[in-house]
Amino acid sequence: MCNPGRGCKPDGVTCVHLLRACAHLGALDFGERVHRYIDENGYGNAINLRNSLIAMYSKCGNLDKAFQIFQQMTERNVVTWSAMISGMAMNGNGEDAIEAFKEMQRMGVPPDEQTFTGVLSACRHGRLVDEGLRLLEHMEMEFGLQPNVYHYGCVVDVLGRAGLLDQAYKLINSMRVEPDATIWRTLLGACRIHEDFALGERIIGHLIELKAQEAGDYVLLLNIYASIGNWNKVADVRKLMKEKGIQTTPGCSTIELDHKIHELVVDDDSHPRKKEIYETLREIEQQLKIAGYVAEISSELHDMDSKNKGDALCYHSEKLAIALGVLSTPPGAAIRVANNVRICIDCHNFAKLLSSVYSRKVIIRDRNRFHHFEQGHCSCNDYW
DNA sequence: CTAGGGTTAG
């Protein structure tokens with residue numbers, strides 16, 4: 001960690017940067033080394049470093065450790081509270097996040113815009129409709145803070161998922177800020193869940209006006225048509241994407257083993273241990289099938305026959321990373337994987353079952369949030 | 001030079 005040969009010793013500022021990098025990568029081991037370095041060098045009393053540690057541990061999925069640091073702090077400012085609230089939200093402890101939000105006010109620390117980002121995220125992840133609406137109102141009336149498009153987006157998401165599509169649409173139109181493409185996409189996602197094609201197509205109109213060239217818009221459009229089984233329209237959209245040269249991001253997972261980050265992609269055939277990985281994966285699948293695992297085919301958007309779907313789903317990068325984790329760590333050790341896209345329902349089932357059959361905690365950070373799998377259950381509140 | 005947030009979809 002230190003470079004004595006050049007007489008250049010990392011200081012507190014260096015550590016702040018390092019912790020941010022660890023948080024971004026989900027590199028818990030390295031983050032822990034930075035933590036030890038901070039303590040050994042007496043940097044640990046600086047409030048910005050304690051706050052950075054809370055964020056790092058939260059973003060690496062170790063909420064207990066983040067909370068431990070939080071509890072040991074004698075001085076807590078708005079950043080401390082916001083970091084803790086966001087950490088609870090992203091790790092699936094929505095109720096705790098709201099409790100913490102109330103507690104900070106009892107302690108006389110006024111929330112700011114970023115605190116509301118955290119607590120409204122908690123409402124979104126926890127599906128807390130009334131709480132979300134109430135907070136959005138209090139934000140303006142009680143604290144004089146102008147909600148931004150993300151704050152509104154959380155409440156639109158919560159309303160939409162609850163099936164209150166009209167109310168969500170009205171909220172977007174009543175905003176004092178301009179709706180962006182993302183907030184329309186949020187509502188479009190809800191239209192897909194509740195199969196509201198009329199509103200869905202109206203929203204696509206708004207999206208095309210704003211920035212129609214984004215891959216995500218077309219993917220959502222695909223989802224709507226796929227969920228009603230209109231494969232002709234799906235094919236049309238795919239053709240359009242091809243013509244415009246629009247590509248979707250390939251799935252990619254990372255796992256940290258012996259202080260090294262291993263990166264795996266969908267259908268990876270370039271990893272030096274690919275033979276072992278695929279062997280382990282097949283062995284795991286056999287074990288899981290005995291326990292009742294059935295490949296979930298509905299998460300594929302292609303109109304293939306079931307057999308092909310079953311095969312295609314075997315090689316998602318998170319499964320490869322989990323297999324590498326199983327074969328590289330001692331029995332019972334936790335497996336931590338970071339994913340660049342959202343986990344699919346099949347890999348979610350796979351991890352859930354693996355956590356019970358192999359008696360391992362599996363912690364997956366996806367594009368959205370953390371999934372803590374333990375004894376056949378997941379901490380997440382989503383519909384799977 | 002430094003601390004807290006981030007949506008939909010694949």
Side-chain angles (χ1 to χ4, degrees), chain A residues 10-21 23 43 46-56 58-59 66 69-70 73 76-90 97 100 104 109 111-125 132 148-158 160-161 179-193 200 203-204 207 214-224 226-227 237-238 241 246-252 266 299-302 316-317 339-345 347 366-369:
Chain A
D11 65 2
V13 176
T14 321
C15 292
V16 167
H17 290 298
L18 285 172
L19 289 174
R20 269 183 92 161
Y43 301 149
I47 194 162
N48 62 344
L49 272 169
R50 304 312 288 175
N51 293 342
S52 297
L53 284 167
I54 291 173
M56 183 277 292
S58 295
K59 287 197 166 178
I69 289 165
F70 174 81
M73 288 169 72
R76 296 176 191 137
N77 60 18
V78 64
V79 178
T80 318
W81 284 98
S82 303
M84 198 64 247
I85 288 167
S86 296
M88 288 166 168
M90 75 179 86
M104 79 181 276
V109 181
D112 64 11
E113 284 93 345
Q114 290 202 61
T115 320
F116 275 95
T117 301
V119 74
L120 286 168
S121 299
C123 295
R124 155 180 252 161
H125 292 307
N148 64 26
V149 73
Y150 175 76
H151 295 127
Y152 283 112
C154 289
V155 182
V156 166
D157 189 40
V158 162
R161 284 179 194 272
D180 62 1
T182 306
I183 200 163
W184 287 124
R185 275 181 212 126
T186 300
L187 189 54
L188 186 55
C191 290
R192 183 182 62 78
I193 294 168
I203 291 168
I204 285 164
L207 279 169
E214 277 215 1
D217 302 342
Y218 293 97
V219 171
L220 280 166
L221 191 57
L222 276 178
N223 270 280
I224 288 205
S227 68
V237 179
R238 281 195 187 283
M241 288 173 77
I246 293 164
Q247 290 183 335
T248 50
T249 317
C252 163
V266 191
S299 48
E300 279 294 304
L301 289 172
H302 303 268
H316 276 177
S317 59
N339 216 19
N340 70 331
V341 297
R342 196 172 164 185
I343 187 169
C344 81
I345 188 165
C347 291
D366 73 4
R367 167 102 187 219
N368 231 7
R369 59 175 297 160

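Letters A, B, ... are given to chains in the order of the sequence lines, protein chains preceding strands, and every chain is numbered from 1.
In this structure, A:Lys59 reaches the B:dG5 phosphate: one of its side-chain N or O atoms is under 4.0 Å from OP1 or OP2. Put simply, A:Arg161 has a side-chain N or O that comes within less than 4.0 Å of OP1 or OP2 on B:dT8. OP1 and OP2 of B:dT7 both lie 4.0 Å or more from every side-chain N or O belonging to A:Arg185. Note on A:Arg20: a side-chain N or O is less than 4.0 Å away from OP1 or OP2 of B:dA3. Within the 4.0 Å cut-off from OP1 or OP2 of B:dA9, at least one side-chain nitrogen or oxygen of A:Arg342 is found.
As judged by a 4.0 angstrom heavy-atom cut-off over every strand, A:Thr14 is placed among residues making no nucleic acid contact. A:Ile47 comes within 4.0 angstrom of a base, heavy atoms only. Residue A:Val78 is classed as a base contact, given a heavy-atom separation below 4.0 Å to a base. When heavy atoms are screened at a 4.0 angstrom cut-off, A:Ser52 is found touching the sugar-phosphate backbone but no base atom. Nucleic acid contact for A:Asp180: none, since no nucleic acid atom lies under 4.0 Å from a heavy atom of the residue.
Under the ring pair (Phe, Tyr, Trp, His ring centres under 6.0 Å) criterion, A:Trp81 pairs with A:Phe70, not counting sequence neighbours. Taking A:Arg76 as the reference, nothing meets the salt bridge (charged side-chain N to carboxylate O under 4.0 Å, His left out) condition, with sequence neighbours excluded.
Relative to the side chain of A:Thr182, the nucleotides B:dT7, B:dG5, B:dT2 differ in distance, and B:dT7 lies closest. Taking the side chain of A:Thr186 as heavy atoms from C-beta on, and the options B:dT7, B:dG4, B:dG5, the nearest nucleotide is B:dT7. Of all nucleotides listed (B:dA3, B:dT7, B:dG4), B:dT7 comes nearest to the side chain of A:Tyr150. The nucleotide whose nearest atom lies closest to any side-chain atom of A:Arg367 is, among B:dG4, B:dG10, B:dA3, B:dG10.
The interatomic distance linking A:Asp157 (CG) with B:dG5 (P) rounds to 19 Å, in whole Å. Across the protein-nucleic acid pair, A:Leu18 atom CG and B:dC1 atom P stand 18 Å apart, rounded to whole Å. Here the C1' atom of nucleotide B:dA9 and the CD1 atom of A:Ile343 are 15 Å apart, to the nearest Å. Atom CE of A:Met90 and atom C1' of B:dG5 are 8 Å apart (whole Å). Atoms CD1 (A:Ile85) and P (B:dG6) sit 13 Å apart, rounded to a whole Å. Atoms CD1 (A:Ile69) and P (B:dG4) sit 14 Å apart, rounded to a whole Å. Computed from coordinates, the A:Asp366 CG to B:dT8 C1' distance equals 13 Å when rounded to whole Å. Distance A:Leu188 CG to B:dT7 P: 17 Å, rounded to the nearest Å.
Taking only distance into account, the side chain of A:Asn77 never meets the base of B:dG4 through a donor-acceptor pair shorter than 3.5 Å.
One finds the CZ atom of A:Arg185 at 9.0 Å from the CG atom of A:Leu188 (value rounded to the nearest 0.5 Å).
Side-chain polar atoms of A:Tyr150 and A:Thr182 form no donor-acceptor pair below 3.5 angstrom.
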Begin with the C-alpha distance, continue with both residues' side-chain angles, and end with the deciding distance and a verdict on side-chain contact (heavy atoms from CB on, under 4.5 Å) for A:Ile47 and A:Val79.
-> CA-CA 9 Å; A:Ile47 194 162; A:Val79 178; over 6 Å; no

Derivation and outcome, side-chain contact (heavy atoms from CB on, under 4.5 Å), residues A:Ser317 and A:Asn339 | CA-CA 8 Å; A:Ser317 59; A:Asn339 216 19; 3.7 Å; yes

